[in-house]
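Step one of this worksheet: look at the structure below.
Below, all heavy atoms of this structure are taken into account, side chains as well, without hydrogens, waters or symmetry copies.
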Amino acid sequence: MNVLSWVLQSLVKALQWVVILLVILMTLDVLWGVFSRFILGNQAPYTDEAARVLSVWISFLGGALAFQAKAHLGVDFLVSKLTPTARKWCAVVTELLVVAFACIVLIWGGWRMADAQMQAMLATIPWMPRGMVYMAVPISGCFITLFAIEILVDVIRTPAEKLGAMTQTEG
């Protein structure tokens with residue numbers, strides 16, 4: 001295993017642990033919200049907003065992990081009918097489109113959206129800028145870009161006849 005593969009695998013493992021931690025935090029937050037509302041009679045005001053923030057981060061970071069694991073949806077009916085060389089070209093074009101989308105929409109657009117909201121604070125979590133919620137978009141975009149480039153390099157290096165499935169539904 002080369003150094004780059006080890007770094008990528010370590011990054012994926014760290015990202016998995018971050019998502020696990022966020023899910024644990026969201027579970028504890030929701031449980032505290034329910035407990036404080038029904039047992040104590042007065043729900044802690046930040047619990048709903050904290051759950052929404054955590055949900056956004058879990059969704060975007062989890063989406064990046066799903067992309068890396070090739071667990072995303074794929075429409076493979078037409079692609080499966082193509083020759084191996086044509087399938088390889090489709091995979092290359094697809095990954096290039098993913099990189100372009102992630103860079104333009106998620107990273108650039110997400111950064112602009114997050115930056116525009118950094119002065120506004122969340123209502124029930126007044127120490128947290130609203131932009132921190134939106135930072136999940138460019139950060140997940142960076143991960144998706146990195147993973148797409150990894151997949152692209154793998155597709156280019158692999159002979160067309162030996163190229164495997166691009167999603168779990170194909171394989």
Side-chain angles (χ1 to χ4, degrees), residues 4-34 43-76 79 90-155 164-171:
L4 186 58
S5 293
W6 180 83
V7 168
L8 285 170
Q9 286 181 353
S10 298
L11 186 62
V12 168
K13 198 54 94 173
L15 189 57
Q16 289 171 339
W17 279 106
V18 167
V19 171
I20 288 168
L21 177 65
L22 293 176
V23 169
I24 290 169
L25 286 173
M26 187 167 79
T27 302
L28 292 174
D29 174 67
V30 170
L31 287 173
W32 175 247
V34 170
Q43 182 175 355
Y46 61 86
T47 56
D48 283 345
E49 195 156 40
R52 281 192 297 274
V53 170
L54 291 166
S55 179
V56 168
W57 277 87
I58 290 166
S59 297
F60 277 94
L61 295 180
L65 283 171
F67 179 79
Q68 188 274 336
K70 297 181 182 177
H72 54 285
L73 292 175
V75 182
D76 59 345
V79 175
C90 281
V92 167
V93 169
T94 299
E95 295 310 319
L96 289 172
L97 289 172
V98 168
V99 168
F101 176 83
C103 287
I104 295 167
V105 175
L106 297 177
I107 297 172
W108 183 71
W111 179 262
R112 290 191 58 205
M113 181 175 58
D115 187 48
Q117 293 293 318
M118 281 300 182
Q119 301 307 315
M121 299 298 170
L122 294 176
T124 59
I125 310 173
W127 52 268
M128 182 181 282
R130 185 176 306 280
M132 291 306 294
V133 178
Y134 297 116
M135 282 302 291
V137 178
I139 290 172
S140 70
C142 291
F143 284 116
I144 290 171
T145 300
L146 181 65
F147 298 148
I149 291 170
E150 176 191 25
I151 294 168
L152 180 62
V153 168
D154 188 47
V155 167
M166 296 309 294
T167 65
Q168 288 181 0
T169 58
E170 291 179 62

In sequence, state the C-alpha distance, the side-chain angles, and the governing distance for Thr124 and Asp48, and then conclude on side chain to side chain contact (heavy atoms under 4.5 Å, CB included). CA-CA 9 Å; Thr124 59; Asp48 283 345; over 6 Å; no
Show the numbers, then the answer: is there a side chain to side chain contact (heavy atoms under 4.5 Å, CB included) between Phe147 and Val12? CA-CA 9 Å; Phe147 298 148; Val12 168; 3.7 Å; yes
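- Taking CE of Met26 as the start and CG of Leu21 as the end, the distance is 12.5 Å to the nearest 0.5 Å.
- Pairs passing the side chain to side chain donor-acceptor pair (under 3.5 Å) check and including a residue from residues 138-153, sequence neighbours excluded, do not occur.
- Note that CG of Leu96 is 9.5 Å distant from CD1 of Ile149, once rounded to the nearest 0.5 Å.
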Exercise answer: donor-acceptor pairs, residues 102-112 side-chain atoms, under 3.5 Å, sequence neighbours excluded:
none

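- At a threshold of 4.5 Å between non-hydrogen side-chain atoms, the residues Gln117 and Met135 do not count as touching.
- Under the side-chain contact (heavy atoms from CB on, under 4.5 Å) criterion, Ile125 pairs with Tyr46, Glu49, Ala50, Leu122, Trp127, Met128, sequence neighbours left out.
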Mind listing the side-chain donor-acceptor pairs of residues 51-68 below 3.5 Å, one per line with the distance, residues two or more places apart or on another chain?
residue	atom	partner	partner atom	Å
Trp57	NE1	Met132	O	3.1
Ser59	OG	Ser55	O	2.8

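- Listed by chain and residue number, Phe35 satisfy the ring-ring contact (aromatic ring centres under 6.0 Å, His included) test with Trp32 (two or more places apart in sequence, or in another chain).
- Rounding to the nearest 0.5 Å places OG1 of Thr47 at 12.5 Å from CG of Leu28.
- Applying the side-chain contact (heavy atoms from CB on, under 4.5 Å) rule to Leu11 yields the partners Phe143, Leu146; only residues at least two apart in sequence or on another chain are considered.
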